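See structure below.
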There are 2 protein chains.
Amino acid sequence: MHSPELLKGTLQTIVLKVLKDHGRMYGYEITQRVKELSEDRILLTEGALYPTLHKLEAEGMLKTETVMLGKRVRKYYALTPEGRSLVKERVSEFVEFIRTMGNVLQVELH
Amino acid sequence: MHSPELLKGTLQTIVLKVLKDHGRMYGYEITQRVKELSEDRILLTEGALYPTLHKLEAEGMLKTETVMLGKRVRKYYALTPEGRSLVKERVSEFVEFIRTMGNVLQVELH
DNA sequence: CTTATATGCATAATTCACTTATGTATTAAT
DNA sequence: ATTAATACATAAGTGAATTATGCATATAAG
């Protein structure tokens with residue numbers, strides 16, 4: 001990603017929305033999905049992703065299910081009803097932010 | 001502003017673009033212009049604005065002119081040629097970021 | 001066959017752009 | 001007279017991120 005500064009504050013929004021669109025997912029899968037959707041421009045780091053997932057779980061926005069794959073562990077995350085509300089909030093907040101920035105920067109976005 | 005986290009990394013872009021569109025401006029004037037353009041949603045704090053202006057000046061992106069208004073000081077900032085290049089870069093970087101986020105979040109931005 | 005890469009989770013240490021707090025000073029309004 | 005607005009500046013503190021580290025299995029390459 002060119003300018004990682006811009007990404008700040010968007011991590012929760014990204015994780016929540018991807019989970020909403022894709023259903024249950026595990027951490028590594030989320031990083032790969034975001035990489036794919038962003039055409040390699042957004043590479044989530046583990047140091048940011050896992051603490052965010054844990055925090056959202058602690059707040060009751062996500063529920064987890066741990067699955068053993070042979071000897072490997074995989075932890076699936078899915079939205080709770082409260083999480084589903086939060087996604088809507090976060091996404092519209094982001095859209096609102098973009099609209100405001102469009103006005104300030106006087107640029108057409110699409 | 002609702003979520004100040006999203007604003008991170010946009011300060012330089014905002015300052016540079018507003019200066020490009022308006023010509024020479026002083027610090028306080030920039031805060032007021034941004035407040036106006038954003039309909040009170042983006043309120044630049046002095047603790048962030050002045051260090052940013054100083055940094056951009058030190059990097060040769062801005063040139064200054066200090067004017068005395070009776071006993072008051074006013075410091076005008078204007079883009080240098082290098083600053084003019086930087087604005088284009090920063091703005092297209094932001095537009096690119098928005099496009100990417102639109103793909104990841106699967107939202108239409110106007 | 002052993003080495004690198006990919007998969008998979010987790011957390012501690014560090015960074016750095018920002019907010020908050022503080023300071024100085026003039027002018028206009030109530 | 002006191003408050004709010006104008007106008008600049010910088011130091012201290014915060015917090016979400018990056019970087020670094022650790023553990024462990026699976027697979028491809030050489």
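If you're wondering where the values come from, they're calculated on a predicted model, not measured in any experiment. Because only heavy atoms are used, hydrogens play no part in the values below, and waters and symmetry mates are left out as well, while side chains stay in. In what follows, every chain begins at residue 1, and chains take the letters A, B, ... in the order their sequences are listed.
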Quiz item: Can you name the residues that form a side chain to side chain donor-acceptor pair (under 3.5 Å) with A:T64, not counting sequence neighbours?
Solution: A:E57
Quiz item: Is the shortest side-chain N/O distance from A:Y50 to OP1 or OP2 of C:dA10 below 4.0 Å?
Solution: no
Quiz item: Side-chain N or O of B:Y26 less than 4.0 angstrom from OP1 or OP2 on D:dA7?
Solution: yes
Practice problem: Name all pairs fulfilling the ring pair (Phe, Tyr, Trp, His ring centres under 6.0 Å) condition that reach into residues 40-60 of chain B, sequence neighbours left out, sorted by first residue then second. | Solution: none
Quiz prompt | salt bridge (Lys or Arg N to Asp or Glu O under 4.0 Å) partners for A:R33, two or more places apart | solution = A:E36
Quiz item: Which whole-number value in Å describes the distance from B:I30 CD1 to D:dC8 P?
Solution: 9 Å
Under 3.5 Å, which N/O atoms of the protein pair with N/O atoms of nucleotides 24-27 of chain C?
{"residue": "C:dT26", "atom": "O2", "partner": "B:R72", "partner atom": "NE", "Å": "3.2"}
{"residue": "C:dT26", "atom": "O2", "partner": "B:R72", "partner atom": "NH2", "Å": "2.7"}
{"residue": "C:dT27", "atom": "O4'", "partner": "B:R72", "partner atom": "NH2", "Å": "3.1"}

Quiz prompt | Rounded distance in Å - CD (A:E57) to P (C:dC9) | solution = 13 Å
N/O contacts under 3.5 Å, protein versus nucleotides 12-17 of chain D?
{"residue": "D:dA17", "atom": "OP1", "partner": "A:G9", "partner atom": "N", "Å": "2.8"}

Self-check item: Backbone of A:D40 reached by a side-chain donor or acceptor of A:K35 within 3.5 Å
Solution: no
Exercise. Measure from CG on B:L53 to P on D:dT10 and round the result to the nearest Å.
Key: 12 Å
Practice problem: Would you mind reading off the distance between A:M68 atom CE and C:dG8 atom P, rounded to a whole angstrom? | Solution: 13 Å
Practice problem: Before accepting this row, confirm whether a basic side-chain N of the pair B:K75/B:E65 lies closer than 4.0 Å to the acidic partner's carboxylate O. | Solution: no
Quiz item: If you group Ile, Leu, Val, Met, Phe, Trp and Tyr by side-chain heavy-atom gaps below 4.5 Å, do B:L53 and B:V73 land in one group?
Solution: no
Practice problem: Using side-chain contact (heavy atoms from CB on, under 4.5 Å) as the criterion, list what pairs up with A:R74, not counting sequence neighbours. | Solution: A:Y26, A:L69, A:Y76
Quiz item: Any donor-acceptor pair under 3.5 Å linking the side chain of B:K17 with the backbone of A:L105?
Solution: yes
Practice problem: Send over the distance from A:R74 CZ to C:dA10 P, rounded to a whole Å. | Solution: 14 Å
Practice problem: Would you please confirm or rule out a distance under 4.0 Å between OP1 or OP2 of D:dT10 and any side-chain N or O of B:H54? | Solution: yes
Exercise. List the atom of A:S38, the atom of B:V104, and the distance in Å for their closest heavy-atom pair.
Key: CB-CG2, 3.8 Å
Quiz item: Tell me: CZ of B:R90 to C1' of C:dA17, nearest whole Å?
Solution: 13 Å
Exercise. Rounded to the nearest angstrom, tell me the gap between atom CD in B:E46 and atom C1' in C:dA21.
Key: 11 Å
Quiz item: Over how many whole Å does the gap from A:L43 atom CG to D:dT18 atom C1' extend?
Solution: 13 Å
